[in-house]
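Below is one structure; the comments refer to it alone.
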Amino acid sequence: AKGMGKGGWQRYQSDLAHAMVQRLELRTQLHEAIEDEQFVLQFQPIVELADQRVTGVEALVRWQHPARGLLSPFHFVEAAEENGTIIGIGGWVMREALRQFAAWKAEDPDTSLRYISVNVSPRQFRAPDFVEQVRSALASAGARPEWLLLEVTESLVLKDAAKVVQDLRALRALGVRVAIDDFGTGYSSLSYLRQMPVDVLKLDKSFIDDILTSRQQHALVDAIVTLAGNLDLAVVAEGIEEPGQRIALDTMGCQYGQGYHFAKPLWPVDIPALVAAARPA
Ligand code: C2E
Ligand code: CA
Ligand code: CA
Ligand code: CA
């Protein structure tokens, strides 16, 4: 606060206090937000890098807050994880995402869409009946297990490995696939991951950002993609913003990508047209 006048310091303190009050308010409002169904989903396309067909979408939750407007997960997911409301929110996300995806498949049986990615928080995954929740969400949406890709974090598979592995196996036995989200931001290694029943690596945006400007970063991503391929893991590169990044990743043999270069997260009504437009004739 050096260089701030006394008035500046006081304003800074009251801004901080204000921000804290707002965060506390949001936290307590999460409970009623579930009951009032204030959550909505956007969907971000995941494309095949070689031909840019849209083969998947990731469901991303937003909170339609009655006073504060549309809030991104940044404003509430951590708090929801802490106070346990993420279990209810995540359950809703899973059911709604599968319902929506089944509707798209029914509308256009020839769609290039093959799967829907759903984020699962550690707390939600650790709920004793999580596998059963997935099974029943699939059944009530009339969705095939092959359509569902669950995105879990590295930290989940590092802790409590025995119980987590057992549940991952049960999910895979259903036909559901599992992705490690934000790969590279945690501490797991590829060789460790290979012992885990997972199918897909989502390579974090921070790895993609510098592949065109840093030879080291390019070499690192190239090595990860090659090793993942040898281990039969599919790779999705996150946060592709430039055409050159798509080309570089495609050349490395990375099969899938996601990012603003292709599309931002979209409202459900905008998905079918985009998918149809990206389909090669
Ligand atoms: P994530 O799973 O890594 O999702 C990708 C995030 O990166 C999304 O932010 C997406 O909008 C953003 N993104 C995608 N492409 C680009 C790009 O090219 N450039 C940049 N700068 N950003 C890009 P979003 O929707 O704000 O979500 C943030 C995080 O919130 C997600 O990160 C995920 O960890 C969490 N989240 C979202 N929905 C859910 C949910 O339903 N359940 C749980 N547990 N977490 C969720
Ligand atoms: Ca994700
Ligand atoms: Ca991610
Ligand atoms: Ca990320």
Side-chain angles (χ1 to χ4, degrees), residues 30 33-34 37-47 49 54 56-64 69-101 115-127 130 133-134 137 148-156 177-186 188 198-212 234-246 249 256-268 270-271 274:
L30 278 165
I34 296 176
E37 299 191 38
Q38 292 170 6
F39 296 100
V40 289
L41 293 182
Q42 287 191 322
F43 296 87
Q44 186 176 31
I46 299 171
V47 309
L49 289 181
V54 181
V57 282
E58 179 174 0
L60 295 161
V61 72
R62 280 85 181 85
W63 181 1
Q64 186 67 68
L70 198 67
L71 297 177
S72 83
F74 168 79
H75 290 97
F76 63 90
V77 161
E78 209 179 296
E81 175 81 19
E82 276 165 24
N83 73 10
T85 49
I86 196 68
I87 295 174
I89 297 169
W92 178 84
V93 168
M94 173 109 53
R95 290 189 300 277
E96 177 58 17
L98 288 171
R99 186 203 62 74
Q100 179 62 75
F101 195 77
Y115 66 94
I116 170 106
S117 251
V118 175
N119 293 286
V120 178
S121 87
R123 189 141 174 192
Q124 184 189 357
F125 191 97
R126 288 173 199 283
F130 179 68
Q133 281 180 34
V134 173
L148 182 60
L149 179 64
L150 296 175
E151 298 194 2
V152 303
T153 62
E154 281 181 277
S155 60
L156 177 85
R177 292 183 309 146
V178 178
I180 301 292
D181 203 358
D182 302 332
F183 178 77
T185 56
S188 58
V198 299
D199 307 276
V200 178
L201 283 190
K202 295 197 74 176
L203 199 48
D204 192 65
K205 177 175 184 302
S206 57
F207 279 81
I208 307 305
D209 282 342
D210 300 323
I211 56 169
L212 296 181
V235 179
V236 180
E238 295 189 314
I240 298 179
E241 296 185 341
E242 297 169 41
Q245 291 171 329
R246 178 192 75 77
L249 286 157
Y256 301 100
Q258 180 177 1
Y260 295 172
H261 168 59
F262 307 107
K264 293 200 169 173
L266 301 169
W267 294 112
D270 297 318
I271 290 290
L274 184 113

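Starting from 1, each residue takes its place in the sequence as its number. For ligands, and for the atoms within them, numbers begin at 1 and follow the listed sequence.
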Does the side-chain contact (heavy atoms from CB on, under 4.5 Å) test come out yes or no for Ile89 and Gln124, once each step is laid out? CA-CA 9 Å; Ile89 297 169; Gln124 184 189 357; over 6 Å; no
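Taking 4.5 Å as the limit, every side-chain heavy atom of Val178 sits out of range of all side-chain heavy atoms of Val120. The shortest side-chain heavy-atom distance between Leu60 and Asn119 falls under the 4.5 Å cut-off. At least one side-chain heavy atom of Trp267 sits under 4.5 Å from a side-chain heavy atom of Gln42. Using a 4.5 Å heavy-atom cutoff, the side chains of Ser121 and Val77 are not in contact. Looking only at side-chain heavy atoms (C-beta outward), Trp92 and Ile34 stay at 4.5 Å or farther from each other.
Set against the non-hydrogen atoms of Pro265, the atoms of ligand 1 under 4.0 Å away are 11 (O). Near Glu238, meaning under 4.0 Å from any of its heavy atoms, are these atoms of ligand 1: 3 (O). Residue contact check: Gly259 has heavy atoms under 4.0 Å from atoms 15 (N), 18 (O) of ligand 1. Ligand-side atoms of ligand 1 in range of Asp182: 3 (O), range being under 4.0 angstrom from any heavy atom.
Using cut-offs of 30° and 60° on the angle between ring planes, the pair Trp63 and Phe39 is tilted.
Residue Glu151 approaches the Ca ion (ligand 2) most closely through its N/O/S atom OE1. The closest approach of Glu238 to the Ca ion (ligand 3), by N/O/S atoms, is made by OE2. Its N, O or S atom nearest to the Ca ion (ligand 2) is what matters here, and for Glu58 that atom is OE2. No other N/O/S atom of Asp181 lies as close to the Ca ion (ligand 3) as OD1 does.
Only the side chain of Arg62 comes within 4.0 Å of ligand 1, counting heavy atoms alone; its backbone N, CA, C and O stay farther away. Heavy atoms from both the backbone and the side chain of Asn119 come within less than 4.0 Å of ligand 1. Contacts between Ile240 and ligand 1 below 4.0 angstrom, taking non-hydrogen atoms only, involve the backbone exclusively. When non-hydrogen atoms are compared, ligand 1 lies under 4.0 Å from neither the backbone nor the side chain of Val118.
For the pair Pro73 and Val61, the tightest heavy-atom approach, listed with the atom from each and the gap, is CG-O, 3.3 Å. Residue Pro268 comes nearest to Leu41 through the heavy atom pair CD-O, 3.6 Å, listed as atom of the first residue, atom of the second, then distance.
Taking 3.0 Å as the threshold, Asp182 does not count as a candidate ligand of the Ca ion (ligand 2), since none of its N, O or S atoms lies below it. Backbone or side-chain N, O or S atoms of Ser117 do not reach the Ca ion (ligand 2) at under 3.0 Å.
Not a single heavy atom of Lys202 sits less than 4.0 Å from an atom of ligand 1. No heavy atom of Lys264 sits closer than 4.0 Å to any atom of ligand 1.
Comparing Phe262, Tyr260, Phe125 against atom 13 (N) of ligand 1, the shortest heavy-atom distance belongs to Tyr260. For atom 10 (C) of ligand 1, the candidate residues are Glu241, Gln44, Glu242, Glu58; the nearest heavy-atom contact is made by Gln44. The closest non-hydrogen atom to atom 36 (N) of ligand 1, taken over Pro73, Ala80, Pro122, Ala59, comes from Pro73.
Side chain of Glu81 to main chain of Ile86: no donor-acceptor pair is present (N/O by atom type, distance under 3.5 Å, no hydrogens or angles). Listed for the Arg177 side chain is no donor-acceptor partner under 3.5 Å among the backbone atoms of Leu149. In this structure a side-chain-to-backbone donor-acceptor pair under 3.5 Å is present from Glu154 to Gly184.
Around the CD atom of Glu82, the shell of radius 6.0 Å holds more than 12 heavy atoms that belong to other residues, nucleotides or ligands.
In terms of polar-atom proximity, Asp181 is counted as a contact of ligand 1, with an N or O under 3.5 Å from an N or O of the ligand. For ligand 1, the polar-atom distance check finds no N/O of Val120 at less than 3.5 Å from any of the ligand's N/O atoms.
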